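The structure under discussion appears below in the form of structure tokens.
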Amino acid sequence: IGKTEKCLVARDDLKAALERIGYSNVESIGMPINYLPKKEYHRIPNSLLVMPTHSLVGFKYKDCQQFTNYAREIYETSKTFAKTVICIHPTCIKNNLWVNEFKELGFEIVEGAETNDLNSLERIRSLCSQFEVLTSNDWGSHIAYGLAFGCRLSIFGARIKETKENLLLDTTFQAEPSDIDVILDDSFASSRDDFLRKFRVPPSEAIADLELGKWLIGTLHQLSKSDLTRILRTVVFPKPRERFDFDALSNSEKVLAQREDCFELFENLSSNPETQPRSFAAVFLLCISSADINSLVLPMVLNFSPSLL
């Protein structure tokens with residue numbers, strides 16, 4: 001990303017960090033999950049949600065015993081809870097990680113969220129709003145979500161040891177391999193441990209911190225619809241006179257566009273590998289101007305914005 005291009009971040013401290021290294025067009029808008037429509041959930045009494053850290057596509061581990069050991073630790077500590085559910089990331093399921101270890105111990109397993117899932121944010125919110133305690137073995141976005149939606153948090157059990165070989169399988173790290181050394185450096189782990197220190201307790205002693213959770217997801221920076229519309233228009237169509245050509249849509253998609261059926265149109269375009277980025281951008285703008293903004297547009301920013309730029 002060029003240093004003059006629009007960058008959208010969750011919080012002002014992230015904005016300041018980018019500006020310190022020369023980015024001049026940064027806005028704090030909060031994380032996409034803030035823009036979901038309001039919904040009430042019932043929290044299950046004495047419940048535990050287990051969300052172990054997840055892998056990326058193709059990750060393999062020579063020491064699989066560490067996965068078994070963590071599952072056994074959870075088995076022992078879960079005995080104090082009336083209901084325990086294990087949430088496993090779809091990538092880990094594809095990599096055959098965590099599933100067998102927990103199934104063998106009789107746990108209920110649910111699939112977590114991934115970026116190409118239109119319901120990913122609602123799924124995460126619903127899970128974090130229905131369980132009293134969330135436990136994990138390390139940092140991840142699920143920590144921020146759990147705290148923000150009222151879970152008590154426990155960092156418990158051994159961290160999975162990551163390798164440079166695995167991280168190099170990820171396209172992001174392939175582009176900037178020097179970042180791997182930073183992530184694997186002891187000082188990085190130390191900073192992460194310092195941040196999580198007060199939460200490093202067994203699930204039975206989990207700690208709530210709603211204020212920290214709301215700060216992490218940038219709730220205070222959530223924009224009004226008019227301000228969000230203004231910003232997103234500059235992201236999708238940076239040139240003021242650029243317009244979308246509806247001839248790029250199929251006839252059925254034109255019908256959906258005319259009746260502003262944003263959700264179905266978006267599903268159509270996002271599942272079509274031949275969709276042109278600007279056709280996709282049109283749905284984005286269509287949703288900005290419609291009533292679907294809370295439920296659809298911000299998940300689009302999170303999941304598909306690289307396709308638009």
Side-chain angles (χ1 to χ4, degrees), residues 48-78 84-115 120 123-124 127-128 131 133-147 151 153-174 176-207 216:
L48 174 65
L49 177 65
V50 181
M51 300 184 78
T53 52
H54 70 81
S55 60
L56 298 174
V57 175
F59 277 25
K60 295 180 181 179
Y61 297 85
K62 294 178 181 178
D63 177 19
C64 290
Q65 186 62 39
Q66 56 186 331
F67 294 89
T68 301
N69 291 344
Y70 179 73
R72 288 175 178 167
E73 288 181 290
I74 293 298
Y75 178 77
E76 291 302 322
T77 196
S78 69
T84 299
V85 171
I86 315 297
C87 179
I88 300 177
H89 193 276
T91 303
C92 290
I93 295 174
K94 293 172 186 173
N95 291 341
N96 197 29
L97 300 173
W98 296 122
V99 178
N100 292 335
E101 290 85 352
F102 282 109
K103 272 188 175 179
E104 288 173 1
L105 295 171
F107 284 108
E108 178 183 353
I109 294 175
V110 298
E111 188 171 323
E114 60 182 340
T115 53
S120 61
R123 180 176 291 106
I124 287 296
L127 286 168
C128 294
F131 286 82
V133 174
L134 185 154
T135 189
S136 183
N137 52 341
D138 206 352
W139 169 258
S141 59
H142 57 298
I143 302 302
Y145 294 143
L147 289 171
C151 285
L153 176 63
S154 155
I155 304 297
F156 175 79
R159 177 185 298 135
I160 299 301
K161 295 178 181 177
E162 205 46 81
T163 66
K164 190 168 187 175
E165 291 74 18
N166 267 345
L167 293 172
L168 279 170
L169 295 172
D170 182 65
T171 54
T172 300
F173 289 118
Q174 288 170 9
E176 295 289 345
S178 60
D179 289 350
I180 297 176
D181 296 328
V182 175
I183 288 176
L184 297 181
D185 188 80
D186 289 343
S187 61
F188 184 88
S190 178
S191 297
R192 180 177 54 196
D193 288 344
D194 286 344
F195 184 79
L196 295 173
R197 192 173 305 284
K198 79 170 184 177
F199 300 106
R200 193 163 284 284
V201 295
S204 59
E205 301 173 23
I207 297 169
L216 284 168

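Computed from a predicted model, the values in this text were never measured in an experiment.
The minimum heavy-atom distance linking I86 with F107 is given by the pair CG1-CB, 3.6 Å. Between I124 and A113 the shortest heavy-atom distance is CG1-CB, 3.8 Å. Annotation for E101 and L97: closest pair OE1-C, 4.2 Å, computed over non-hydrogen atoms. For S78 against Y75, the heavy-atom pair with the smallest separation is OG-O, 2.9 Å. Here the closest non-hydrogen pair linking F59 and N166 is CE1-O, 2.9 Å. The shortest non-hydrogen separation linking S55 to N95 is OG-ND2, 2.9 Å.
Within the 4.5 Å cutoff, no side-chain heavy atoms of F199 are placed close to those of I143. No side-chain heavy atom of E165 sits under 4.5 Å from any side-chain heavy atom of K62. The closest side-chain heavy-atom distance from T77 to E73 is not below 4.5 Å. Side-chain contact check for I74 versus L105: every heavy-atom pair is 4.5 Å or farther apart. Contact check for D194 versus S190: side-chain heavy atoms found under the 4.5 Å cut-off.
Contacts of I160 classified as side-chain contact (heavy atoms from CB on, under 4.5 Å), with partners at least two apart in sequence or in another chain: T53, Y61, Q66, F67, W98, N137. Taking E76 as the reference, K79 meet the side-chain contact (heavy atoms from CB on, under 4.5 Å) condition, with sequence neighbours excluded.
Only one option out of P52, S136, C151 pairs with H142 in a side-chain contact (heavy atoms from CB on, under 4.5 Å); it is S136. Of the listed residues (I109, V50, L134, L127), just one forms a side-chain contact (heavy atoms from CB on, under 4.5 Å) with C87, and that residue is L127. With Q65 as the partner, the side chain to side chain donor-acceptor pair (under 3.5 Å) test is satisfied by one option alone out of D63, N69, T68: N69.
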Which pairs would a plain distance check flag for residues 200-207, meaning a side-chain donor or acceptor within less than 3.5 Å of a matching protein atom at least two apart in sequence or in another chain?
none

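Here Y70 contributes atom OH and D138 contributes atom CG; the two are 10.0 Å apart, rounded to the nearest 0.5 Å.
E111 contributes no side-chain N or O that, together with a main-chain N or O of H89, makes up a donor-acceptor pair within less than 3.5 Å.
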